[in-house]
Student: 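Below you'll find the structure I mean.
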Amino acid sequence: MKIKRPLFPLNLVAFPGEHLNLHIFEPRYLQLVNDCVENSMTFGIPPVRDNKPIMFGTEMKILEVSKKYDDGKIDIKTLGLNTFQLISFKAKEEDKLYPIGELSISNDDSTTDLILAGRVLKLISELYEIMKMNNPIPELSNDFQINSIAHKIGLNYNQEIDLLMINSEIERLEFVESHLHRLIPIVGEMELLRKKVQMNGHFKNVIPPDFKEND
């Protein structure tokens, strides 16, 4: 399905199902929000890479305008709906200030594999334990989707974009499982290094080796 929508390119990845709060201050995006609210219309967030939007992103719904400031700025709450491919992009529509594009909504396969998802959640728990993080671990269920925790598993920006572009939950889980298998040993080594550095300057009870003279 192809639709024409306002676009809000950002240096971040928004995932379907994610609640994203945005502070809006530029006139072009204030106009975008106003148009979307007045027309009950969604907008797209394509991540920016190399100072230009990639041809992929997430369709967003405005849930509410939560605050209006005296200088015209606003805070909004949004929800990610679907991923899309960006068929065309215009930096500015003729009668608008903001970018606009033609989107093709992706067909996503949300079918999960509970055994695979369980392995991934166990690895996430292991990562948090090593890093001494108290982040809650989602419960394993048919409703669990890895996108719900994608910002909290040590992915860099490009890896988050790669994950966003996968249209199968099982393939997303496989991507994250592979990532965690690479990341956890590195984090473990860094934690050991941190402990060694912290030990510097402490009094140490060291038993020297007992050397014997040669006969």
Side-chain angles (χ1 to χ4, degrees), residues 8-24 42-49 54 56-67 75-85 103 105-192 194-195:
F8 195 160
L10 287 172
N11 288 297
L12 62 79
V13 175
F15 289 99
E18 177 182 0
H19 289 265
L20 180 64
N21 300 331
L22 295 171
H23 178 66
I24 312 296
T42 59
F43 68 96
I45 294 183
V48 173
R49 185 158 53 188
I54 67 169
F56 207 86
T58 302
E59 181 188 12
M60 308 296 295
K61 176 182 179 180
I62 298 174
L63 300 178
E64 67 175 45
V65 176
S66 53
K67 186 172 183 178
D75 293 337
I76 64 173
K77 295 181 178 181
T78 71
L79 173 66
L81 301 180
N82 310 285
T83 58
F84 62 79
Q85 287 184 304
L103 319 179
I105 301 300
S106 304
N107 293 319
D108 191 84
D109 182 0
S110 62
T111 305
T112 193
D113 178 328
L114 287 178
I115 294 176
L116 174 58
R119 292 203 307 264
V120 169
L121 288 173
K122 185 177 180 180
L123 287 168
I124 293 171
S125 178
E126 183 180 344
L127 176 66
Y128 287 177
E129 184 177 349
I130 293 172
M131 299 182 70
K132 295 180 172 56
M133 295 172 61
N134 294 321
N135 289 8
I137 306 295
E139 292 186 5
L140 178 62
S141 70
N142 286 318
D143 296 328
F144 169 69
Q145 296 281 297
I146 194 62
N147 282 343
S148 66
I149 199 172
H151 290 305
K152 300 177 181 179
I153 53 177
L155 295 170
N156 62 35
Y157 183 57
N158 286 327
Q159 288 172 323
E160 287 190 352
I161 291 175
D162 290 340
L163 180 63
L164 182 71
M165 297 174 70
I166 300 174
N167 293 325
S168 160
E169 177 64 11
I170 290 176
E171 291 181 14
R172 286 191 288 266
L173 288 168
E174 291 172 341
F175 177 91
V176 170
E177 183 180 38
S178 178
H179 157 72
L180 291 171
H181 277 306
R182 293 191 303 270
L183 178 64
I184 288 173
I186 296 172
V187 173
E189 290 176 5
M190 292 300 295
E191 180 63 17
L192 287 174
R194 183 187 66 81
K195 289 180 179 178

Student: Report the distance from atom OG1 of T83 to atom CZ of F56, rounding to the nearest 0.5 Å.
Tutor: 4.0 Å
Student: Work out which heavy atom in N167 is nearest to a heavy atom in N107; give both atom names and the distance.
Tutor: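 N167 and N107 have their closest heavy atoms at CB-O, 3.8 Å.
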Student: Heavy-atom count around E139 CD within 6.0 Å, excluding the residue itself: above 12?
Tutor: no
Student: Please report the interatomic distance CG(L173) to CD1(I146), rounded to the nearest 0.5 Å.
Tutor: 5.5 Å
Student: Are the side chain of R172 and the backbone N or O of I166 linked by a donor-acceptor pair below 3.5 Å?
Tutor: yes
Student: Quick test of your reading: applying salt bridge (Lys or Arg N to Asp or Glu O under 4.0 Å), list the pairs with at least one residue in residues 14-24, sequence neighbours left out, ordered by first then second residue.
Tutor: none
Student: To the nearest 0.5 Å, what is the distance between CD (E174) and CG (D113)?
Tutor: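 One gets 8.0 Å once the value is rounded to the nearest 0.5 Å.
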Student: Do the side chain of H179 and the main chain of Q159 share a donor and acceptor less than 3.5 angstrom apart?
Tutor: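 Such a contact is absent between H179 side chain and Q159 backbone.
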Student: If I take atom NZ from residue K77 and atom CE from residue M60, how far apart are they, to the nearest 0.5 angstrom?
Tutor: 14.0 Å
Student: Going from CG on N82 to OG1 on T42, what distance comes out if it is rounded to the nearest 0.5 angstrom?
Tutor: 8.5 Å
Student: Is there side-chain contact between Y157 and V13, with heavy atoms separated by less than 4.5 Å?
Tutor: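 Counting from C-beta outward, Y157 and V13 do come under 4.5 Å.
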Student: Hey, could you give me the CZ/CG distance between F43 and L81, rounded to the nearest 0.5 Å?
Tutor: 9.5 Å
Student: Indicate yes or no for a side-chain donor-acceptor contact from S168 to the backbone of D109 under 3.5 Å, with no hydrogens or angles considered.
Tutor: no
Student: Could you report the tightest heavy-atom contact between L155 and F175, atom names first, then the distance?
Tutor: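 Shortest heavy-atom contact: CD2-CE2, 4.1 Å.
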Student: Do you see a donor-acceptor pair shorter than 3.5 Å between the side chains of D108 and S106?
Tutor: no
Student: Can you find a heavy atom in the side chain of L12 that is under 4.5 Å from one in the side chain of L20?
Tutor: yes
Student: Pairs under 3.5 angstrom only: tabulate donor-acceptor contacts from the side chains of residues 117-126 to other protein residues two or more places apart or in another chain.
Tutor:
from	atom 1	to	atom 2	distance (Å)
R119	NE	E177	OE2	2.7
R119	NH2	E177	OE1	3.4
R119	NH2	E177	OE2	3.3

Student: Restricting to pairs with a member in residues 147-164, which pass salt bridge (Lys or Arg N to Asp or Glu O under 4.0 Å), not counting sequence neighbours?
Tutor: none
Student: Closest heavy-atom contact between P47 and G57?
Tutor: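 P47 and G57 have their closest heavy atoms at CD-CA, 4.0 Å.
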Student: Between P16 and L164, is any pair of side-chain heavy atoms under 4.5 Å apart?
Tutor: yes
Student: With a 4.5 Å limit on heavy-atom distance, are the side chains of R49 and N158 in contact?
Tutor: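 Answer yes - side chains close enough.
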Student: Might you point out which heavy atoms bring E169 and F144 nearest each other, and give the distance in Å?
Tutor: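 In terms of heavy atoms, the two residues are closest at OE2-O, 4.1 Å.
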Student: Is the backbone N or O of S110 less than 3.5 Å from a side-chain atom of Q145, with the two atoms forming a donor-acceptor pair by type?
Tutor: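 Pair found, side chain donor or acceptor close to backbone of S110.
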Student: Kindly indicate whether the side chain of L140, heavy atoms from C-beta on, has any atom under 4.5 Å from the side chain of L114.
Tutor: yes
